[in-house]
Amino acid sequence: EAGVAQSPRYKIIEKRQSVAFWCNPISGHATLYWYQQILGQGPKLLIQFQNNGVVDDSQLPKDRFSAERLKGVDSTLKIQPAKLEDSAVYLCASTRGGGGAAYEQYFGPGTRLTVT
Amino acid sequence: AQSVTQLDSQVPVFEEAPVELRCNYSSSVSVYLFWYVQYPNQGLQLLLKYLSGSTLVKGINGFEAEFNKSQTSFHLRKPSVHISDTAEYFCAVQRGGYQKVTFGTGTKLQVIP
């Protein structure tokens, strides 16, 4: 089966510009995650969807970050306006279920964002 | 709240030598534990997971981990490493009954020829 797809793989923007990332999870996976991975740190959860509903967005900086998951499939993550500290790799992951069970997360290759 | 500590940010080891990557967690309730590996310019991939039962868990690529409830640890081991094991390894914890997974800061394993 196809894995989690993300695009673009790399993006360089200037501060105060906007940027959007796209993720296509594995077919049939109900739960989708967006993580931010700053260099030297572990992935930090930004937002979690189950189908097209938000389960957890407690660590999403809502003044500048937004995310949506249309029809419970693809998802986009947007940053507007970007700050220097947003430079990171943005990872998308999906799992086949939810509800607190220990499902394996399947990760995409990530989008490396550089804000100058 | 749950948290994960990976004390070693980098671990150099010679090829064919054994290695142990340390992971400690904190949680007041039952947890699920995971080890993920991240090769350069790739996403994370599951190595192994502990849900319940036997405390020794075997994963892919010859890795294994032992769950120690009294020490709240879940250390990853491999008896003989290969150059291809050079990667970053992340320990993660999920509180039982909840969906959120918390990742550690990662340990870079450098295998020296």
Side-chain angles (χ1 to χ4, degrees), chain A residues 2-10 21 23-26 29-51 53-60 88-112, chain B residues 1-10 21-25 27 29-53 57 59-60 65 67 74 76 87-108:
Chain A
V4 176
Q6 289 188 249
S7 68
R9 291 295 310 276
Y10 305 91
F21 312 128
C23 173
N24 182 237
I26 292 173
H29 278 197
T31 305
L32 184 148
Y33 309 79
W34 281 103
Y35 291 91
Q36 180 191 58
Q37 187 178 17
I38 293 173
L39 187 64
Q41 300 181 20
K44 183 185 85 170
L45 179 68
L46 291 176
I47 189 167
Q48 177 182 341
F49 293 94
Q50 185 159 342
N51 297 311
V54 175
V55 174
D56 186 341
D57 63 357
S58 57
Q59 297 190 94
L60 186 73
V89 175
Y90 291 84
L91 295 167
C92 179
S94 68
T95 66
R96 60 183 174 88
Y103 292 107
E104 173 182 354
Q105 293 191 34
Y106 292 84
F107 285 81
T111 296
R112 183 178 298 276
Chain B
Q2 62 214 30
S3 66
V4 180
T5 301
Q6 292 183 250
L7 290 171
D8 306 306
S9 60
Q10 293 191 50
L21 306 183
R22 297 181 294 169
C23 172
N24 288 89
Y25 68 93
S27 175
V29 297
S30 62
V31 295
Y32 305 130
L33 295 158
F34 307 81
W35 275 100
Y36 283 84
V37 59
Q38 187 175 32
Y39 298 104
N41 298 316
Q42 294 186 28
L44 281 72
Q45 176 186 356
L46 183 70
L47 270 179
L48 49 80
K49 64 181 178 182
Y50 171 79
L51 306 183
S52 63
V57 180
I60 62 171
F67 170 62
F74 190 56
L76 181 70
E88 190 156 18
Y89 293 79
F90 293 92
C91 183
V93 60
Q94 179 182 352
R95 188 174 158 192
Y98 291 80
Q99 292 181 252
K100 182 176 178 178
V101 177
T102 301
F103 287 84
T105 52
T107 297
K108 290 184 179 177

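For the numbers below, each heavy atom of this structure counts, side chains included, while hydrogens, waters and symmetry mates do not. Keep in mind it's a predicted model, so treat the numbers as computed, not measured. Quick note on labels: first sequence line is chain A, next is B, and so on, each numbered from 1.
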Problem - Any residue meeting salt bridge (Lys or Arg N to Asp or Glu O under 4.0 Å) with Arg22(B), in chain and number order, not counting sequence neighbours - result: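 Testing Arg22(B) for salt bridge (Lys or Arg N to Asp or Glu O under 4.0 Å), a comparison that skips the adjacent residues, returns Asp8(B).
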
Handout entry: Nearest-0.5 Å distance, OH of residue Tyr106(A) to CG of residue Leu46(B)
Key = 8.0 Å

Exercise for the section: Enter the distance from Phe103(B):CZ to Tyr35(A):OH here, rounded to the nearest 0.5 Å. Expected result: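 With rounding to 0.5 Å, CZ (Phe103(B)) is 4.5 Å from OH (Tyr35(A)).
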
Considering all heavy atoms of both residues, which atom of [X] and which atom of [Y] are nearest to each other, and what is their separation?
| X | Y | value |
| --- | --- | --- |
| Pro43(A) | Leu44(B) | CG-CD2, 4.1 Å |
| Gln41(A) | Phe90(B) | O-CE2, 4.0 Å |
| Lys49(B) | Glu104(A) | NZ-N, 4.2 Å |

Exercise for the section: Take atom CD1 of Ile60(B) as the centre, draw a 6.0 Å sphere, and report whether it contains more than 12 heavy atoms from other residues, nucleotides or ligands. Expected result: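 More than 12 heavy atoms, drawn from other residues, nucleotides or ligands, come within 6.0 Å of this atom.
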
Handout entry: Check against side-chain contact (heavy atoms from CB on, under 4.5 Å), Gln105(A) and Phe34(B)
Key = CA-CA 10 Å; Gln105(A) 293 191 34; Phe34(B) 307 81; over 6 Å; no

Handout entry: Those residues that, when tested against Thr102(B), pass side chain to side chain donor-acceptor pair (under 3.5 Å) (two or more places apart)
Key = Gln2(B)

Practice task
Could you tell me whether the side chain of Tyr33(A) and the main chain of Val101(B) form a donor-acceptor pair under 3.5 Å?
Solution key: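 Pair absent, no side-chain N/O of Tyr33(A) close to backbone of Val101(B).
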
Problem - Segment of Gln6(B) engaging chain A (4.5 angstrom heavy-atom cut-off) - result: neither

